[in-house]
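Each remark here refers to the structure printed beneath this line.
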Amino acid sequence: MADRRTPLLTISGVTVRYGDHLALDRLDLTVHRDELFVLLGGSGSGKTTLLRAIGGFVRPQAGRILLDGADLSVLPPHRRPVNTMFQSYALFPHMTVAANIGFGLRQQGVGHAETRRRVEQMLALVRLEGFGTRRPAELSGGQQQRVALARSLAPQPRLLLLDEPFSALDENLRMETRAELVRLRRSLGISFVLVTHDQQEALTMADRIGVMRDGRMAQIGTPAVLYEQPADRFVAGFLGAANILTGIVAADGVTVLLPSLGAQVTAARPAAPGPALLALRSERLRIGGAGAPNGLDGIVTDIAYAGESLSVRVRMADGSELRVVRGLADGLASGAVAIGTPVRVGWEPDACILLPP
Ligand code: ADP
Ligand code: MG
C-alpha cells in the first residue's frame with residue numbers, strides 16, 4: 001500500500017565527525033507530519049548528535065536535512081522552525097514561570113498581549129494554571145519539567161526535539177508526564193522527535209521508532225514491527241529480551257532445524273534457507289504446552305517472581321536455556337512447575353522470529 005503520509009523532516013546521508021570519531025554515519029531518516037518519532041539507542045549511539053544536527057548546533061560534514069522540502073543548513077539555530085529541549089534543560093531561575101514560558105515568544109517579537117494569551121494557554125496545557133507567578137525554585141521537579149516543556153512548545157515550532165525529557169523524573173512522574181505528552185501532541189499539531197534509551201518509553205509512546213547503533217539506523221518501524229519482526233539480533237535484544245537459539249532454515253523457509261537439540265520447529269513467516277538465529281519472546285512461550293505446534297523438552301532450573309508474572313528458566317539437553325514468562329493466572333510456583341521438574345516449553349509458529357546468523 002502506498003504511504004500517503006506527508007514527510008516533514010527528510011534527512012539523507014548525514015555524517016557528523018568529532019575529530020576522528022564518526023558520530024553519524026551517512027544517516028537517512030524521514031519523519032512525517034504529526035508524528036511522534038522516537039530515537040532509541042544505547043549511550044554513545046549518536047542520538048544527541050542527530051538532534052543537534054537537526055537543531056543546527058552541529059554542522060554535518062555531509063548530507064542534507066530538509067524541513068518541508070527546504071534546506072535547513074542555511075538557517076542558524078534560532079531561525080529554524082524547530083525547538084530543542086535539551087537533556088540538561090535549565091529554567092531561568094530569576095524569572096517567573098510565565099516569563100520562562102514566554103521567553104521564546106518575546107525573542108520572536110510576539111506582542112505583549114499575545115504572549116500573555118499563549119502563556120496562559122501553555123499553562124493550561126501542562127496543567128499548571130495559577131503557577132505563572134512562581135519562581136522555578138518553588139516548583140517540584142516534575143512541575144519544572146512541565147514548565148520546560150511548555151517553554152519549548154510556546155513558540156509553536158513545527159518540530160520539537162526532546163532529548164531524554166523524562167530522565168530526571170521518578171518512575172510515577174515519568175509515566176504521568178509521558179501520558180501528558182501523548183495527550184498534548186494530539187491537540188497541538190506539532191511533530192516530535194524524542195530521544196530515549198528506555199525501550200518501554202519507546203514502545204508506549206512512539207508512532208515509529210528508529211533504533212540507532214554506531215551512528216546509523218539499525219531499523220525503523222512501528223513498535224509492533226520492531227517487536228515482532230526485528231531485523232537482526234541487536235534490535236531483537238534491544239526491544240525486550242529474547243531467547244536466541246541457533247538453527248538452520250530448511251528449503252521450505254519455515255522449518256527450522258535445531259541441530260544441537262536434535263529437534264525441529266515451524267515458523268509462520270518464511271526466511272531465507274540456511275543458518276539462522278531463532279528468537280523467541282519469553283511471553284510467547286508456555287510451560288506444559290503439550291498441544292502447541294512447537295515444543296522443546298527441558299528441566300526447570302529457576303523460578304522467580306517478576307511482579308505480575310513468574311519468570312521460569314528451563315534448561316534443555318544441550319545446556320542452552322529458555323526463559324519463560326508465566327502469568328500468575330496459570331497458577332503459582334508451588335503448583336505444577338517446580339525446580340528440577342521436566343517440562344515441555346511450547347509455542348505457536350508465529351512466535352518464531354527468524355534472524356540472520
Ligand atoms: P548519545 O546521545 O546516543 O548517547 P552522542 O550523540 O552524545 O550519543 O555521542 C555520540 C558519540 O560522539 C559518542 O561516542 C560521544 O562520545 C561522541 N561525542 C559527542 N559529542 C562530542 C563532542 N562534542 N566531541 C567529541 N566527541 C563527541
Ligand atoms: Mg545523548
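Both ligands and their constituent atoms are indexed starting at 1 by order of listing. Numbers here are sequence positions counted from 1.
- Applying the salt bridge (charged side-chain N to carboxylate O under 4.0 Å, His left out) definition to pairs two or more places apart or across chains, those involving residues 29-45 are R33-D68, E35-R208.
- Taking a heavy-atom cut-off of under 4.0 Å, ligand 1 is surrounded by Y18, H21, A23, G42, S43, G44, S45, G46, K47, T48, T49.
- Ordered by chain and number, T48 OG1 make up the set of protein N, O or S atoms under 2.8 Å of the Mg ion (ligand 2).
- The closest side-chain donor-acceptor pair between S152 and N83, if any, does not fall under 3.5 angstrom.
- Looking at D198 and T196, their side chains never bring a donor and an acceptor atom within 3.5 Å of each other.
- Judged by the 6.0 Å and 45° rule, R52 forms no cation-pi pair with F57.
- Checked against the 6.0 Å centroid criterion, the rings of F103 and F92 qualify as a close aromatic pair.
- With E228 contributing its side chain and V225 its backbone, the two residues share no donor-acceptor pair below 3.5 Å.
- A donor-acceptor pair shorter than 3.5 Å cannot be found between the side chains of R326 and S309.
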Under 3.5 Å, sequence neighbours excluded: what are the donor-acceptor pairs made by side chains of residues 8-29?
{"unit_1": "T15", "atom_1": "OG1", "unit_2": "R26", "atom_2": "N", "d": "3.1"}
{"unit_1": "Y18", "atom_1": "OH", "unit_2": "T49", "atom_2": "OG1", "d": "2.9"}
{"unit_1": "D28", "atom_1": "OD1", "unit_2": "G13", "atom_2": "N", "d": "2.7"}

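- With respect to R116 and E120, no salt bridge is recorded, no charged nitrogen being found less than 4.0 Å from a carboxylate O.
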